[in-house]
Asker: 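Before we start, here is the structure in question, set down as structure tokens.
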Amino acid sequence: MSQILQDVYRRLFDAYGPQHWWPGESPFEVMVGAVLVQNTSWKNVEKAIDNLRERDLLAPRALFDVPVEELSELIRPAGYYRMKAKRLHNLLRMVVETYDGDLDAMFAVNVHTLREELLGVNGVGPETADSILLYAGNLPVFVIDTYTHRVLARHGWIEYEIDYHGLQEHFESNLEQDVALYNEFHALLVRVGHKHCRKTPKCEGCPLADLLPESGIVMPEW
DNA sequence: GTCCAGACGT
DNA sequence: ACGTCCGGAC
């Protein structure tokens, strides 16, 4: 168990409390949200999800049957709407054709196998795949994003050059394998990243401020 | 005007 | 290693 990660988690949780990421939403809705939120603030995704809910389209078969052009208009508020409509449709095709639209059946398969299968969908990269596995499937996979990388690199806890898998291993090998912990920790890192660990850091009032090395860390431009 | 829970093509 | 995709919140 990593003392640093423990301390970081405690500080963030004490400062922000539970983030309630995707509670009470259906696994399918979470999966859709995971695609729509790519490089987009969640605020802009909610409208898109509402559009789908109003039309009773939050089910695999129903949404897959919507023509891509029509789908793109429904999800327009989420941005990148033409690309995301294709990506979402690609994912839906896999779910419908491989699992007959049954998410319970999908999440029952071996995690590693399912992850590779998700990554095989054009438009589903590592963060989206892992978000689906953790937040829709309740599977013990730690989600990495740019904030995670930035927060850990700036404090000198990892090398800047570490890749997605390396950073994921860092978390999974230094934390208890606990879905609730993974869920909360990633959400808290997004929160502190959004609030403080921006491209240009805003360390005033950050719960992690006094963990910064005195010398400072020299980072490449980002 | 800046920035955002990324991923893909070149 | 870049350019592109995009509306909306701030």
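Chain A is the first sequence line, chain B the second, and so forth, proteins listed ahead of strands; every chain is numbered from 1. Owing to the predicted nature of the structure, the values given are computational and were not obtained by experimental measurement.
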Asker: Is A:Asn122 close enough to B:dG9 that one of its side-chain N or O atoms is under 4.0 Å from OP1 or OP2 there?
Answerer: yes
Asker: Can you check whether A:Thr128 has a side-chain N or O nearer than 4.0 Å to OP1 or OP2 of B:dA7?
Answerer: yes
Asker: Heavy atoms, side chains only, cut-off 4.5 Å: are A:Leu91 and A:Leu118 in contact?
Answerer: yes
Asker: Return each pair, listed once, that meets side chain to side chain donor-acceptor pair (under 3.5 Å) where at least one residue sits in residues 111-123 of chain A; pairs must be two or more places apart or across chains.
Answerer: A:Tyr99-A:Glu117, A:Asn110-A:Thr113, A:Arg115-A:Asp130
Asker: On DNA chain C, does the nearest nucleotide to A:Lys43 precede the nearest nucleotide to A:Thr40 from the 5' side, or the other way round? Give the residue.
Answerer: A:Thr40
Asker: Checking A:Arg87 against A:Thr128 for the side-chain contact (heavy atoms from CB on, under 4.5 Å) test, could you report, in this order, the C-alpha distance in whole Å, the side-chain angles of both residues, the deciding distance, and whether it holds?
Answerer: CA-CA 11 Å; A:Arg87 291 180 175 180; A:Thr128 305; over 6 Å; no
Asker: Let me have DNA chain C in dot-bracket notation, would you? Count Watson-Crick plus G-U wobble pairs, both distances under 3.5 Å, and use [ ] for pairs crossing earlier ones and | for inter-strand partners.
Answerer: |||||.||||
Asker: Within the structure provided, determine whether A:Pro27 and A:Tyr135 are in side-chain contact (heavy-atom separation under 4.5 Å).
Answerer: no
Asker: Would you jot down, in residue-number order, the residues of residues 163-190 of chain A having a non-hydrogen atom under 4.0 Å from DNA chain C?
Answerer: none
Asker: Quick check: A:Phe142 with A:Phe185 (ring centres under 6.0 Å apart)?
Answerer: yes
Asker: Taking B:dT10 as the reference, what is the distance to C:dC6 when you measure between their P atoms (whole Å, please)?
Answerer: 16 Å
Asker: For A:Glu184 and A:Tyr182, indicate whether the former's side chain and the latter's backbone hold a donor-acceptor pair under 3.5 Å.
Answerer: no
Asker: Reckon A:Val121 touches a base, only the sugar-phosphate, or nothing at all at heavy-atom distances under 4.0 Å?
Answerer: sugar-phosphate
Asker: Any donor and acceptor pair, going by atom type alone, linking the side chain of A:Gln168 with main-chain N or O of A:Val143 inside 3.5 Å?
Answerer: no
Asker: Rounding to an integer number of Å, can you tell me how far A:Asn90 CG sits from B:dA7 P?
Answerer: 14 Å
Asker: What integer distance in Å separates A:Lys202:NZ from B:dT2:C1'?
Answerer: 12 Å
Asker: Is there a side-chain contact between A:Pro201 and A:Arg154 (heavy atoms, below 4.5 Å)?
Answerer: yes
Asker: Do A:Val95 and A:Met31 come within less than 4.5 Å of each other through their side chains, counting heavy atoms only?
Answerer: yes
Asker: Just to be sure I understand the geometry, which residues of residues 132-146 of chain A put a non-hydrogen atom under 4.0 Å away from DNA chain B?
Answerer: A:Thr146
Asker: Are A:Leu92 and A:Phe28 side-chain neighbours, meaning at least one heavy-atom pair lies under 4.5 Å?
Answerer: yes
Asker: Nearest whole Å is fine: how far is B:dC8 P from A:Lys84 NZ?
Answerer: 13 Å
Asker: Taking only side-chain nitrogens and oxygens of A:Lys199, does any of them come within less than 4.0 Å of OP1 or OP2 of B:dT2?
Answerer: no
Asker: Would the A:Trp42 and A:Trp21 ring centres measure less than 6.0 Å apart?
Answerer: no
Asker: Give one of base, sugar-phosphate or nothing for A:Gly125, where a contact means two heavy atoms less than 4.0 Å apart.
Answerer: sugar-phosphate
Asker: Got a sec, which pairs hit ring pair (Phe, Tyr, Trp, His ring centres under 6.0 Å) with one end in residues 59-94 of chain A, sequence neighbours left out?
Answerer: A:Phe64-A:His89
Asker: Assign each of A:Gly33 and A:Leu119 to its nearest nucleotide of DNA chain B by heavy atoms, then name whichever residue's nucleotide is nearer the 5' end.
Answerer: A:Gly33
Asker: Flag the pair A:His149 / A:Tyr160 as yes when their ring centroid distance falls below 6.0 Å, and as no otherwise.
Answerer: yes
Asker: Give me the first and last nucleotide of DNA chain C, going 5' to 3', that has any atom under 4.0 Å from a heavy atom of chain A.
Answerer: C:dC5 to C:dC10
Asker: If we ignore hydrogens and angles and just use 3.5 Å, is the side chain of A:Thr40 paired with the main-chain N or O of A:Gln38 as donor and acceptor?
Answerer: yes
Asker: Could you state the atom-to-atom distance from CZ of A:Arg150 to C1' of B:dC3 in whole Å?
Answerer: 10 Å
Asker: Distance check needed: B:dC8 P versus A:Arg82 CZ, whole Å only.
Answerer: 19 Å
Asker: In whole angstrom, what separates A:Trp42's CH2 from B:dG6's P?
Answerer: 12 Å
Asker: Quick one: A:Glu127 CD to B:dG6 P, roughly how many Å, whole number?
Answerer: 5 Å
Asker: Remember a base hit wins even if backbone is also touched, and classify A:Val45 as base, sugar-phosphate or nothing at under 4.0 Å, heavy atoms.
Answerer: nothing
Asker: Could you grab the distance from atom NE2 of A:His170 to atom NE2 of A:His165, nearest 0.5 Å is fine?
Answerer: 14.0 Å
Asker: Quickly work out the A:Tyr80 OH to B:dA7 C1' distance and round it to whole Å.
Answerer: 10 Å
